[in-house]
Amino acid sequence: RNNNRNNLSSLPINVTRIQSAAPNLTIGTETRKHFFSQRVSDDYHGCKIDDPYRWLENPDSEETKSYVEAQNKLTLPFLEKCPVRGKFKARMTELYDYPKYSCHFQKGTRYFHFFNTGLQNQSVMYVQKSLDDDPRVFLDPNKFSEDGTVALRGYAFSEDGEYFAYGLSTSGSDWVTMKFLKVDGATELPDTLERVKFSCMAWTHDAKGMFYNCYLKQDGKIDGTETSMNLHQKLYYHKLGFPQSEDILCAEFPDNPKWMGGTEISDDGQYALLSIQHGCDPVNRLWYCDLKKLPDGIKGVLPWVKLVDNFDAE
């Protein structure tokens with residue numbers, strides 16, 4: 001976000017030309033004041049970069065709302081009268097309206113695949129007892145909400161294929177609510193995990209629970225429109241059938257609040273592999289824990305072995 005902002009801010013902006021080119025754009029008094037006066041400059045290695053739109057980074061301010069409303073009043077009438085808009089929509093709809101299949105994949109004794117009839121907002125997951133069996137709907141994300149604003153965001157089967165965890169995202173938010181199903185009969189379970197974000201979904205091979213990530217504390221709203229930074233991500237283990245309040249903290253990084261650590265389970269089920277990232281660079285630390293050496297099972301922060309404890313490579 002900062003890189004994009006700086007690149008845009010380095011462009012020469014002539015406010016007079018903008019307003020003269022759009023004489024019908026009515027901007028509220030407060031917004032007009034900010035439009036002209038809220039100029040901010042950053043000094044990057046001795047080079048000053050103007051950022052006259054910094055105030056727009058607060059999406060909830062009255063000034064921003066007024067500015068967006070004024071922009072919409074200018075733009076929407078033009079788009080609605082565009083003579084080729086309908087033709088483009090009709091042609092693109094025609095081209096995209098065809099059946100779409102994913103590859104089949106096996107989980108436990110069952111086979112699954114996704115199918116879209118053509119114009120469904122989200123593909124539907126189907127289940128088969130065998131590849132010769134007729135497919136049955138297992139999970140239809142189009143039924144998550146009437147207005148289509150809730151989407152499937154990640155899923156994970158237990159190793160035996162008998163349990164299914166899946167994430168729900170509202171209005172494109174990165175915040176996810178996790179739900180669980182018993183695969184036989186697609187029976188919904190009461191387990192619900194909140195405040196999940198940038199999370200792994202890793203079942204232990206005994207199907208007793210799953211590792212996931214969440215942020216317990218977040219100031220302000222968490223609907224996806226917030227602009228504050230998320231800090232202190234934690235790794236938890238959720239025991240199936242228990243409330244989230246009893247989940248077990250397995251890893252945290254109090255001295256490095258920006259670190260994020262996702263876990264996966266080795267193919268033999270013996271090791272939990274923790275990949276720790278910092279920012280968007282393609283590098284990570286790699287820690288592991290031998291789950292078979294936990295005599296009492298997962299009871300608290302795991303005794304991680306720091307196999308690679310730097311951010312030198314991926």
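Just so it is clear, the model here is predicted, and its values are computed rather than measured.
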Notebook entry, point to check: What are the two closest non-hydrogen atoms of Q120 and N142, and how far apart are they?
Noted result: NE2-ND2, 3.7 Å
Notebook entry, point to check: Is the shortest heavy-atom distance from the side chain of F164 to the side chain of L139 under 4.5 Å?
Noted result: yes
Note to self: What I'd like to find out is whether the side chain of L274 reaches to under 4.5 Å of the side chain of L235, using heavy atoms alone.
What the structure shows: yes
Check: Is it the case that H104 and Q128 place a side-chain donor and acceptor less than 3.5 Å from each other?
Finding: yes
Notebook entry, point to check: Are D247 and K234 within salt-bridge range, i.e. N to O under 4.0 Å?
Noted result: no
Margin query: Side chains of D147 and T149: any donor to acceptor distance under 3.5 Å?
Written below: yes
Check: Counting only heavy atoms not in E80, do more than 12 fall under 6.0 Å of its CD?
Finding: yes
Margin query: Could you check whether any side-chain heavy atom of F198 comes within less than 4.5 Å of a side-chain heavy atom of W175, counting everything from C-beta outward?
Written below: no
Checklist line | Which residues share a salt bridge (Lys or Arg N to Asp or Glu O under 4.0 Å) with E162, sequence neighbours left out | finding: R110
Next item on the list: Check step by step if side chain to side chain contact (heavy atoms under 4.5 Å, CB included) holds for S102 and M125.
Entry: CA-CA 9 Å; S102 74; M125 183 184 286; over 6 Å; no
Check: Considering only heavy atoms from C-beta outward, does the side chain of K197 approach that of Q233 to under 4.5 Å?
Finding: no
Check: Going from OG1 on T117 to CG on D97, what distance comes out if it is rounded to the nearest 0.5 angstrom?
Finding: 7.5 Å
Note to self: I'd like to know if the side chain of D50 reaches the main chain of P52, judged simply by a donor and an acceptor atom lying under 3.5 Å from each other, with no hydrogens or angles considered.
What the structure shows: no
Margin query: Are Y166 and V150 connected into the same hydrophobic cluster when the rule is that any two of I, L, V, M, F, W, Y join if their side-chain heavy atoms are below 4.5 Å apart?
Written below: yes
Note to self: So, taking the atom named CZ in R285 and the one named CG in N256, what distance separates them when rounded to the nearest 0.5 Å?
What the structure shows: 7.0 Å
Checklist line | CA sep, side-chain torsions, deciding dist, call: W55, Y67, ring pair (Phe, Tyr, Trp, His ring centres under 6.0 Å) | finding: CA-CA 11 Å; W55 53 278; Y67 184 85; 5.6 Å; yes
Item checked: Closest non-hydrogen atom pair between E194 and C214, with its separation -> O-CB, 4.1 Å
Item checked: Distance (rounded to the nearest 0.5 Å) between L189 CG and K182 NZ -> 8.0 Å
Item checked: Side-chain heavy atoms of K179 within contact of T192, under 4.5 Å -> yes
Next item on the list: Without swapping roles, check the side chain of N58 against the backbone of D60 for a donor-acceptor pair under 3.5 Å.
Entry: yes
Next item on the list: Taking all heavy atoms of C200 and all of N213, pick out the closest pair and write down the distance.
Entry: N-OD1, 2.9 Å
Next item on the list: Please test S61 against T64 for side-chain hydrogen bond (donor to acceptor under 3.5 Å, both in side chains), starting from the C-alpha separation and ending with a verdict.
Entry: CA-CA 5 Å; S61 71; T64 298; 2.8 Å; yes
Donor-acceptor pairs under 3.5 angstrom involving side-chain atoms of residues 294-308: please list them, not counting sequence neighbours.
unit_1	atom_1	unit_2	atom_2	d
W304	NE1	C250	O	3.0

Next item on the list: Ignoring hydrogens and angles, state whether a donor on the side chain of Y212 or T263 is under 3.5 Å from an acceptor on the partner side chain.
Entry: no
Notebook entry, point to check: Can M229 and L231 be said to form a side chain to side chain contact (heavy atoms under 4.5 Å, CB included), step by step?
Noted result: CA-CA 6 Å; M229 180 182 296; L231 300 173; 3.5 Å; yes
Check: How many angstroms lie between atom CE of M260 and atom CG of N284, to the nearest 0.5 angstrom?
Finding: 11.5 Å
Check: Counting only heavy atoms not in K100, do more than 12 fall under 6.0 Å of its NZ?
Finding: yes
Next item on the list: Mind checking the OG-CG spacing from S169 to D174? Nearest 0.5 Å is all I need.
Entry: 7.0 Å
Check: Is the backbone N or O of D42 less than 3.5 Å from a side-chain atom of D51, with the two atoms forming a donor-acceptor pair by type?
Finding: no
Item checked: NZ/NE/NH1/NH2 to OD/OE distance under 4.0 Å, E69 and K65 -> no
Note to self: Regarding K48 and D43, does a basic nitrogen lie under 4.0 Å from an acidic carboxylate oxygen?
What the structure shows: no
Next item on the list: State, with a plain yes or no, whether a side-chain heavy atom of K239 is found less than 4.5 Å away from one of T204.
Entry: no
Check: Are more than 12 heavy atoms from other residues, nucleotides or ligands located less than 6.0 Å from atom CG of D267?
Finding: no
Check: Apart from F88 itself, what residues make up its hydrophobic cluster, given side-chain heavy atom links below 4.5 Å?
Finding: V84
Check: Between the side chain of T75 and the main-chain N/O of Q71, is any donor-acceptor distance below 3.5 Å?
Finding: yes
Notebook entry, point to check: Considering the options Y126, F114, F112, Y155, which one meets the ring-ring contact (aromatic ring centres under 6.0 Å, His included) requirement together with F138?
Noted result: F112
Check: Between P257 and P254, what is the shortest heavy-atom contact and its length?
Finding: CD-O, 4.2 Å
Next item on the list: Would you mind reporting whether Y163 and L181 have side-chain heavy atoms less than 4.5 Å apart?
Entry: no
Notebook entry, point to check: Of the non-hydrogen atoms in P135 and H113, which two are nearest, and what is the gap between them?
Noted result: CB-CE1, 3.9 Å
Notebook entry, point to check: Looking at H238 versus F211, is the centre-to-centre ring distance below 6.0 Å?
Noted result: no
Notebook entry, point to check: Would a hydrophobic clustering, with Ile, Leu, Val, Met, Phe, Trp and Tyr connected at side-chain separations under 4.5 Å, put L193 with Y237?
Noted result: no
Item checked: Test log, rule side-chain hydrogen bond (donor to acceptor under 3.5 Å, both in side chains), inputs Y101 and S123 -> CA-CA 9 Å; Y101 294 85; S123 295; over 6 Å; no
Notebook entry, point to check: If you look at every heavy atom in H278 and F311, which pair is closest and at what distance?
Noted result: CB-CZ, 3.8 Å
Check: Less than 4.5 Å apart, any side-chain heavy atom of Y111 and any of V127?
Finding: no
Notebook entry, point to check: For Y96, does the OH atom have more than 12 heavy-atom neighbours from other residues, nucleotides or ligands under 6.0 Å away?
Noted result: no
Checklist line | Y236 OH to I248 CD1 distance, which is reported to the nearest 0.5 Å | finding: 11.0 Å
